[in-house]
A.B. asks: 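Following this message is one structure expressed as structure tokens.
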Amino acid sequence: MELKVRLKQKADYSYSIVLGKNLFKKIAADLKNKPIANKYVIITDSNVKNIYGIDLLKTLRANNIEAQLIYFKAGEQSKNSKIKEQIENEMFKLLLGRDSAILALGGGVTGDLAGFIASTFLRGIPYIQIPTTLLAMVDSSIGGKTGINTGYGKNLIGTFYQPKKVYIDINMLSTLPESEFLNGLAEVIKHSIIKDKPLFKYLEKNREKILKKDKKALQYIIKISCEIKSSIVEKDETESNYRRILNFGHTFGHAIEKTSNYQVKHGFAVAQGMIYAAKLSKTNEKTKERIIKLIESYGLIKNIKLDKKMILHAMLQDKKTIKGKVNFVLINEIGKPYITNKIKTQQIEAVL
Ligand code: ADP
Ligand code: ZN
């Protein structure tokens, strides 16, 4: 005999992204009015704990919300299974159960790690993203990708697990170091190249304002970026096809990160990767020059000596490379991407 397990019905996992300033009071009020759990645990890193974590904890408690805080040592090195287990054990010690939710307060490292914990803790508890770096605000906090690194590579273990809400507080960018700010700007530039020519033009015209962290300019580029990222994720949540356009500059970028032994930060590697991708693209010379000029004008290109052979080798080993065919996201024009696996090794070597 045979029995069927019917699992067709899909729940609605929609969530909203709140963009504003000084949001802790709003977060507390929202959790008071519409709780998503009985107890909350803020997961954050050792830097963000001091700058914002304790404040958030106090605000929640002042509103009679049961809250705890767990932190880990800041840095990409903490995004691993050992730290994940340590945090989970601390959660058990604090008697956090199924009726708990996680508030992921921090950059991409915190969001990925805390989101992954949320997805597996007691088979899954809700979580909220409160990104504090530009990279996390415009990219990693939206779309539900969670995960950790292993000795074999970055983000190799993880889940798709959507947050219940995302709170983006642009005032938090005031304390962010310059290099971290630029790291996130690379993803904003990427969004403009794959999807939004007006944003590209805005980035060309408003460089000084943006680099000075002018609030209006930041609000604008973050809002557009979130719209682009969420509209792509809406169409293809699990990256079966369309979502891959978000990998513009990333095939090269990942290889550069790896070849530099992760000394080159993600955004800077992607920036260099976007220049290579532009050069490989069908688009006209003028557009290529515009892209290169924009990326350089934001100080995203560092003169680092990289071994071209090693970059090529790393690309062939990428988790997204299938049967030796490297997948590239390229552009016909700004805002018009296409995906191809027909690029020959000689063509790649020629642009490196
Ligand atoms: P990313 O967001 O690029 O993935 P991280 O999560 O590691 O990277 O954050 C980068 C660094 O910036 C970390 O050392 C983190 O503690 C620090 N950081 C995060 N947000 C802020 C902030 N708003 N102000 C100051 N430092 C911050
Ligand atoms: Zn990226």
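No experiment lies behind these values; they were computed from the predicted model shown. Hydrogens, waters and symmetry mates play no part in the numbers below; they use all other heavy atoms, side chains included. For ligands, and for the atoms within them, numbers begin at 1 and follow the listed sequence.
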A.B. asks: Answer yes or no: are there more than 12 heavy-atom neighbours, outside Y276 itself, under 6.0 Å from its atom OH?
C.D. replies: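 Result for OH/Y276: enclosed.
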A.B. asks: For E76 and ligand 1, answer yes if some heavy atom of the residue is under 4.0 Å from a ligand atom, otherwise no.
C.D. replies: no
A.B. asks: Indicate whether any N or O donor in one side chain lies under 3.5 Å from an N or O acceptor in the other, for R244 and N241.
C.D. replies: yes
A.B. asks: Just to confirm my output: which protein heavy-atom neighbour is closest to atom 20 (N) of ligand 1, and how far is it?
C.D. replies: T132 OG1, 2.7 Å
A.B. asks: In the protein, what heavy atom is nearest to atom 16 (O) of ligand 1, and what distance, to one decimal place, separates them?
C.D. replies: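 Result: D45 OD2, 2.7 Å.
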A.B. asks: For A136 and ligand 1, does the shortest N/O to N/O distance drop below 3.5 Å?
C.D. replies: no
A.B. asks: Determine whether the side chains of E76 and H266 contain a donor N or O and an acceptor N or O closer than 3.5 Å.
C.D. replies: no
A.B. asks: Please give me the minimum heavy-atom distance between L199 and I228, naming the atom from each residue.
C.D. replies: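 Closest heavy-atom pair between L199 and I228: CD2-CD1, 4.2 Å.
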A.B. asks: Report whether any nitrogen, oxygen or sulfur of D139 sits less than 2.8 Å from the Zn ion (ligand 2) (N, O or S, backbone or side chain).
C.D. replies: no
A.B. asks: Considering just N/O/S atoms, say which atom of H266 is closest to the Zn ion (ligand 2).
C.D. replies: NE2
A.B. asks: Looking only at protein heavy atoms, which one is nearest to atom 26 (N) of ligand 1, and how far off is it?
C.D. replies: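 Here the nearest protein heavy atom works out to P177 CD, 3.9 Å.
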A.B. asks: Above 12 or not: heavy atoms from other molecules or residues under 6.0 Å from OH of Y242?
C.D. replies: yes
A.B. asks: One thing to verify: whether K286 and E289 come together as a salt bridge, which I'm taking to mean a side-chain N less than 4.0 angstrom from a carboxylate O.
C.D. replies: no
A.B. asks: Restricting to N/O/S, name the atom of E187 that gets closest to the Zn ion (ligand 2).
C.D. replies: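 Answer by atom name: OE2.
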A.B. asks: Below 4.0 angstrom, N of the basic side chain to O of the carboxylate: do R290 and E204 qualify?
C.D. replies: yes
A.B. asks: Give the residue, atom name and distance (to 0.1 Å) of the protein heavy atom nearest atom 21 (C) of ligand 1.
C.D. replies: L176 CD1, 3.5 Å
A.B. asks: Nearest protein heavy atom to atom 14 (O) of ligand 1, by residue and atom, and its distance?
C.D. replies: N47 ND2, 3.1 Å
A.B. asks: Who gets closest to atom 10 (C) of ligand 1 by heavy atom: M172, E180, H266, K49?
C.D. replies: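 Selected option, by shortest heavy-atom distance: E180.
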A.B. asks: Counting from 1, what ligand 1 atoms have a heavy atom of V48 closer than 4.0 Å?
C.D. replies: 16 (O), 18 (N), 19 (C), 20 (N)
A.B. asks: Centroid separation under 6.0 Å, is that true for the rings of F252 and F328?
C.D. replies: yes
A.B. asks: In terms of atom number and element, which parts of ligand 1 are under 4.0 angstrom from non-hydrogen atoms of N183?
C.D. replies: 3 (O)
A.B. asks: Using a strict 4.0 Å cut-off to heavy atoms of T133, name the atoms of ligand 1 that fall inside it.
C.D. replies: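 It comes down to these atoms of ligand 1: 2 (O), 9 (O), 19 (C), 20 (N).
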A.B. asks: What's the shortest heavy-atom distance between S141 and Q129, and which atoms?
C.D. replies: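 Nearest heavy atoms, S141 then Q129: O-CG, 3.6 Å.
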A.B. asks: Looking only at distances, please establish whether an N/O atom of ligand 1 is found under 3.5 Å from an N/O atom of A74.
C.D. replies: no
A.B. asks: Does the pair E257/K154 count as a salt bridge with the N-to-O cut at 4.0 Å?
C.D. replies: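 Yes.
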A.B. asks: Could you say whether the N/O atoms of G108 and ligand 1 ever approach to under 3.5 Å?
C.D. replies: yes
A.B. asks: Taking 4.0 angstrom as the limit, do E349 and K309 come out as a salt bridge?
C.D. replies: no
A.B. asks: Indicate yes or no: does an N/O atom of T175 lie under 3.5 Å from an N/O atom of ligand 1?
C.D. replies: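 N/O-N/O distance below 3.5 Å exists for this pair.
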A.B. asks: Would you mind running through ligand 1 and noting each atom that sits below 4.0 Å from a heavy atom of V109?
C.D. replies: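 Answer, ordered by atom number: 4 (O), 5 (P), 6 (O), 7 (O).
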